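Beneath this line is the structure, given in structure tokens, with notes to follow.
Everything numeric here is computed off the predicted structure, so don't read it as measured data. Below, chain A is the first sequence line, B the second, and so on; all start at residue 1.
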2 protein chains.
Amino acid sequence: MEKYKDIGLKLTPQRLAILNYLDGNKEHPSAEDIYRAVSKKFPTMSFATVYNTLETLRQRGGVLELTIDPDKKRFDPNIEPHHHLICLKCKRIVDIHGDYKLGVPNGEKAGFEIIGNHIEFYGICPKCKKSD
Amino acid sequence: MEKYKDIGLKLTPQRLAILNYLDGNKEHPSAEDIYRAVSKKFPTMSFATVYNTLETLRQRGGVLELTIDPDKKRFDPNIEPHHHLICLKCKRIVDIHGDYKLGVPNGEKAGFEIIGNHIEFYGICPKCKKSD
DNA sequence: TATCAAATTAGAATTATTCTTGTCAAGTAC
DNA sequence: GTACTTGACAAGAATAATTCTAATTTGATA
């Protein structure tokens with residue numbers, strides 16, 4: 001929780017519940033996952049609040065919005081630079097912290113100013129491999 | 001067009017128009033982009049046909065579905081292994097063909113069988129840099 | 001404690017995508 | 001040639017994720 005303090009956010013109970021749910025979470029939850037979990041404590045919680053809070057957090061660098069899943073956005077509270085391993089069957093996402101130093105050859109930069117990168121590794125997770 | 005022949009598809013005029021639009025296209029168009037373009041020739045074209053054709057193509061390896069854009073799927077007729085450079089402002093996507101040989105350290109594999117990877121480079125494109 | 005901007009809520013609206021159903025067209029069997 | 005069969009198409013309805021709206025409430029602080 002500490003890391004969310006004093007970044008200028010009004011600390012409402014709803015936000016605290018969302019932050020609390022996200023903190024240390026390695027599941028890369030969707031907005032609905034978050035909504036369902038936090039609704040248990042706050043039955044009046046609305047999706048607007050979930051999305052608003054996530055967007056505010058994202059703008060302030062408190063959470064990453066992942067576009068890995070074609071069906072919905074997923075969110076990653078781990079804001080250290082890292083990469084992902086994705087199961088093609090169950091869509092499970094796992095963090096990878098390997099140190100890759102990647103650059104774009106000048107001939108391919110197309111005039112872009114490069115800011116960062118993200119590697120997605122695709123594969124089949126152990127659970128899905130078993131249940132074939 | 002040649003490359004789409006004999007992959008078992010009935011070559012209807014609608015499909016030909018979609019294939020023709022995709023062939024050599026470097027814009028990574030969305031379903032709507034495709035729909036709009038092809039509708040000019042086929043005013044009765046429906047989204048169902050666009051999505052059906054894209055899904056059929058995807059299953060047969062004729063097109064890649066990109067999940068880079070958080071708002072919609074985008075499609076890439078370039079099926080050679082390659083990576084992407086994405087403008088954070090205008091969402092323009094550019095192909096990169098640099099040869100990166102990436103592996104996941106065994107300690108991080110989490111039991112996954114790795115099948116492939118995809119690098120996304122983020123940045124600002126020349127046009128957006130100017131119009132700041 | 002009064003104030004006020006910011007946050008919350010419920011539900012409506014929007015957008016992308018998928019589904020349903022009826023129709024049509026091409027190919028094949030007879 | 002005619003009847004089947006199958007796959008593709010079209011139109012619009014349905015769904016799912018997300019965003020917006022408007023009214024109300026709340027947290028921070030003076």
Side-chain angles (χ1 to χ4, degrees), chain A residues 1 4-22 28-60 62-76 91 93, chain B residues 4-22 27-60 62-76 91 93:
Chain A
M1 285 306 87
Y4 293 113
K5 273 188 185 160
D6 299 323
I7 59 174
L9 290 182
K10 228 189 229 186
L11 269 192
T12 66
Q14 291 89 338
R15 281 182 171 170
L16 273 174
I18 292 173
L19 292 173
N20 191 53
Y21 175 75
L22 286 177
H28 309 84
S30 66
E32 202 194 340
D33 294 332
I34 298 167
Y35 172 78
R36 272 212 306 273
V38 178
S39 288
K40 287 178 190 161
K41 276 200 173 178
F42 292 87
T44 67
M45 170 72 50
S46 89
F47 267 104
T49 298
V50 174
Y51 280 109
N52 286 344
T53 301
L54 287 169
E55 175 57 12
T56 305
L57 271 177
R58 191 193 62 76
Q59 282 173 14
R60 299 179 186 240
V63 75
L64 297 174
E65 183 182 299
L66 304 182
T67 59
I68 288 173
D69 189 325
D71 294 329
K72 51 184 164 307
K73 292 175 183 168
R74 293 174 63 168
F75 297 87
D76 193 341
K91 304 282 167 66
I93 300 174
Chain B
Y4 293 115
K5 273 187 186 163
D6 299 324
I7 58 175
L9 291 181
K10 230 188 227 182
L11 272 190
T12 65
Q14 290 90 339
R15 281 182 173 171
L16 272 173
I18 292 174
L19 292 174
N20 191 51
Y21 175 75
L22 286 176
E27 301 298 312
H28 308 84
S30 66
E32 202 194 341
D33 294 333
I34 298 167
Y35 172 78
R36 272 212 306 273
V38 178
S39 289
K40 287 175 190 161
K41 276 200 174 179
F42 291 88
T44 67
M45 170 73 49
S46 89
F47 268 103
T49 298
V50 173
Y51 280 108
N52 286 343
T53 301
L54 286 169
E55 174 59 13
T56 305
L57 269 177
R58 191 194 61 75
Q59 283 173 13
R60 298 177 187 241
V63 76
L64 296 174
E65 183 182 297
L66 303 182
T67 59
I68 287 173
D69 188 324
D71 294 328
K72 50 185 164 306
K73 293 176 183 168
R74 292 174 62 168
F75 297 87
D76 192 342
K91 304 282 167 64
I93 301 175

Is the phosphate of [N], meaning OP1 or OP2, less than 4.0 Å from a side-chain N or O of [X]?
{"X": "A:R15", "N": "C:dT8", "answer": "yes"}
{"X": "A:Y51", "N": "D:dT18", "answer": "yes"}
{"X": "B:T49", "N": "D:dA10", "answer": "yes"}
{"X": "A:K73", "N": "D:dT19", "answer": "yes"}
{"X": "A:T12", "N": "D:dT26", "answer": "no"}

### Query
With a non-hydrogen cut-off below 4.0 angstrom, is B:P70 in contact with a base, only sugar-phosphate, or nothing?
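No contact.
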### Query
Across the strands shown, which category fits B:N52 at heavy-atom distances under 4.0 angstrom: base, sugar-phosphate, nothing?
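Result for B:N52 = nothing.
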Length of the line joining [X]:[atom1] and [N]:[atom2], which is rounded to integer Å:
{"X": "B:E55", "N": "C:dA16", "atom1": "CD", "atom2": "C1'", "value": "15 Å"}
{"X": "A:D33", "N": "D:dA17", "atom1": "CG", "atom2": "P", "value": "10 Å"}
{"X": "A:Q14", "N": "C:dT8", "atom1": "CD", "atom2": "C1'", "value": "6 Å"}
{"X": "A:D69", "N": "C:dT17", "atom1": "CG", "atom2": "P", "value": "13 Å"}
{"X": "B:I34", "N": "D:dC9", "atom1": "CD1", "atom2": "P", "value": "14 Å"}
{"X": "B:I18", "N": "D:dC9", "atom1": "CD1", "atom2": "C1'", "value": "11 Å"}
{"X": "A:R74", "N": "D:dT18", "atom1": "CZ", "atom2": "C1'", "value": "17 Å"}
{"X": "A:Q59", "N": "D:dT19", "atom1": "CD", "atom2": "P", "value": "12 Å"}

Check whether any side-chain heavy atom of [X] lies under 4.5 Å from a side-chain heavy atom of [Y], and answer yes or no.
{"X": "B:H28", "Y": "B:D69", "answer": "no"}
{"X": "B:P13", "Y": "B:L16", "answer": "no"}
{"X": "A:L19", "Y": "A:L57", "answer": "yes"}
{"X": "A:V50", "Y": "A:V38", "answer": "no"}

### Query
If you measure only the distance, is there a donor-acceptor pair under 3.5 Å linking the side chains of A:D33 and A:S30?
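Result is yes, a qualifying pair exists.
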### A:K10, nearest nucleotide to its side chain (from D:dA11, C:dA16, C:dA7)
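Out of D:dA11, C:dA16, C:dA7, the nucleotide with an atom closest to A:K10's side chain is C:dA7.
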### Query
Counting side-chain heavy atoms from CB outward, which of D:dT18, C:dA16, D:dC20 is closest to B:E32?
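Looking only at heavy atoms from C-beta outward on B:E32, the closest nucleotide is C:dA16.
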### Query
In terms of the nearest nucleotide of DNA chain D, which residue is placed more toward the 5' end: A:S30 or B:T56?
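Closest to the 5' end, via its nearest nucleotide, is B:T56.
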